[in-house]
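Naming convention: chains lettered A, B, ... in sequence-line order (proteins, then strands); numbering from 1 in each chain.
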Protein chains: 2
Amino acid sequence: MFIEIDMQSEIPLYTQLADQLIEGIASGQLKPGDPLPSVRSLGADLGINLHTVNKAYQTLKQEGFLDIHRKQGVIVRSGGMPPITDEFLRRMGRQVKSLAAEAAIRGMNEEDFVRKCTETYRSTINFSGGDGS
Amino acid sequence: MFIEIDMQSEIPLYTQLADQLIEGIASGQLKPGDPLPSVRSLGADLGINLHTVNKAYQTLKQEGFLDIHRKQGVIVRSGGMPPITDEFLRRMGRQVKSLAAEAAIRGMNEEDFVRKCTETYRSTINFSGGDGS
DNA sequence: TTTCTGTTATACTTTATATATAACAGATGA
DNA sequence: TCATCTGTTATATATAAAGTATAACAGAAA
């Protein structure tokens, strides 16, 4: 796996894990139907508890990014990803607003702010593992 | 004050307060040199403890957005706001990356994502209280 | 039957968040 | 001088979040 956990970070471990799984899906490193490691093996790999892994899995299952079957285990959802919701737009708006305010105070103008957001979006969805087939 | 605290939110109270003060500075509702309410009066106004207010004030003082003098009390920093730092760029990059990944998965393309960021930046720094003088 | 799976349950520790109360020293205004 | 307000510090408490540890269960697979 490509997951890297920073034990010194102030960001909760299960949040770091869930974020990186989301980013893996967005970048194409994880494709619909792809199996994920078991909570025990991934926990052992990352050096964290299986319940911490399970909390990340459950969160992403609840939000519709993962499916968990008795047979196949944990897989990336293959029946279509969740759409844009009002809840997501509100959450994105709140976080971007907070960042934009601090950026503006620090002297970052609209052009630079938007450029940074654009570049970040592109670097997030474009991963070298993708092929043009 | 224009501060509104949501007691039901999962976001810590001192974070809500600090965020809204930052947004007040960015929008021009709070200008350099402007005095802020005392920790006791603002706490009473918002219905929260003075230590919670103090934690928000201390955080913003530490980051360079506020000054606290024995005489003038708490005021918006008038000697120049903190610049763009590597730490800020990293933090912004991390948060935008997380949002961009989820947005892309949910079907929001680059154009819509960037538009939302642009509109949010503009609505953050443009406040009706500003005049063109 | 053994092994692996997700899941649930219980218990525990540590940290973060928030409040309550009190006290102190500097500054202010009557 | 005296009362009041300021930020600040200290102590204590309560609650929740985060993370770990251990165990057990039932379904599936070899």
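- When the P atom of D/dT6 is taken as reference, atom OH of B/Y57 falls 10 Å away, rounded to whole Å.
- Spacing between atom CG of A/D67 and atom C1' of C/dG6 amounts to 14 Å, rounded to whole angstrom units.
- The existence of a salt bridge linking A/D34 and A/K31 is excluded, since no basic side-chain nitrogen approaches an acidic carboxylate oxygen closer than 4.0 Å.
- Put simply, A/T52 has no side-chain N or O that comes within less than 4.0 Å of OP1 or OP2 on D/dG19.
- Protein atom CD1 of A/I5 is 14 Å distant from nucleotide atom P of D/dA18, rounded to whole Å.
- Atoms CZ (B/R40) and C1' (D/dC5) sit 8 Å apart, rounded to a whole Å.
- The nearest heavy atom of DNA chain D to B/S38 and to A/Y14 marks one nucleotide each, and the one closer to the 5' end goes with B/S38.
- Applying the 4.0 Å criterion to OP1 and OP2 of D/dA26, one finds that A/K71 has every side-chain N and O outside that range.
- Residue B/L46 contributes atom CG, which lies 10 Å from atom P of C/dT19 at whole-angstrom precision.
- Contact annotation for A/Q58: backbone-only contact, meaning every heavy-atom pair under 4.0 Å involves sugar-phosphate atoms and none involves a base.
- Closest to the B/H51 side chain, of the nucleotides C/dG26, D/dT9, C/dA18, is D/dT9.
- In the hydrophobic cluster analysis, where Ile, Leu, Val, Met, Phe, Trp and Tyr join through side-chain heavy atoms closer than 4.5 angstrom, A/F65 is grouped together with A/L36.
- Counting only N and O atoms by type, the side chains of A/S38 and A/S41 include a donor and acceptor under 3.5 Å apart.
- Closest to the side chain of B/P12, out of C/dA18, D/dT20, C/dT19, is C/dA18.
- A sub-4.0 Å separation between OP1 or OP2 of C/dT7 and a side-chain N or O of A/N54 is present.
- Rounded to a whole Å, the CG atom of A/L50 is 14 Å from the C1' atom of C/dT10.
- Here A/K61 reaches the OP1 or OP2 of C/dT7: one of its side-chain N or O atoms lies under 4.0 Å away.
- A/E63 and A/P82 make their closest contact through O-CG, 3.4 Å (heavy atoms, listed as atom of the first residue, atom of the second, distance).
- Taking atom CG of residue B/N49 and atom C1' of nucleotide C/dA22, one finds them 13 Å apart after rounding to whole Å.
- Residues A/I22 and A/L17 share a single hydrophobic cluster, defined by chaining ILVMFWY side chains whose heavy atoms lie under 4.5 Å apart.
- Contact annotation: A/K55 does not reach the phosphate of D/dG19 (side-chain N/O to OP1 or OP2, under 4.0 Å).
- In the set D/dA24, C/dT19, D/dA18, C/dT19 carries the atom at the smallest distance from any side-chain atom of B/L13.
- Remark: P of C/dC4 and CD of A/Q72 are 20 Å apart, rounded to the nearest angstrom.
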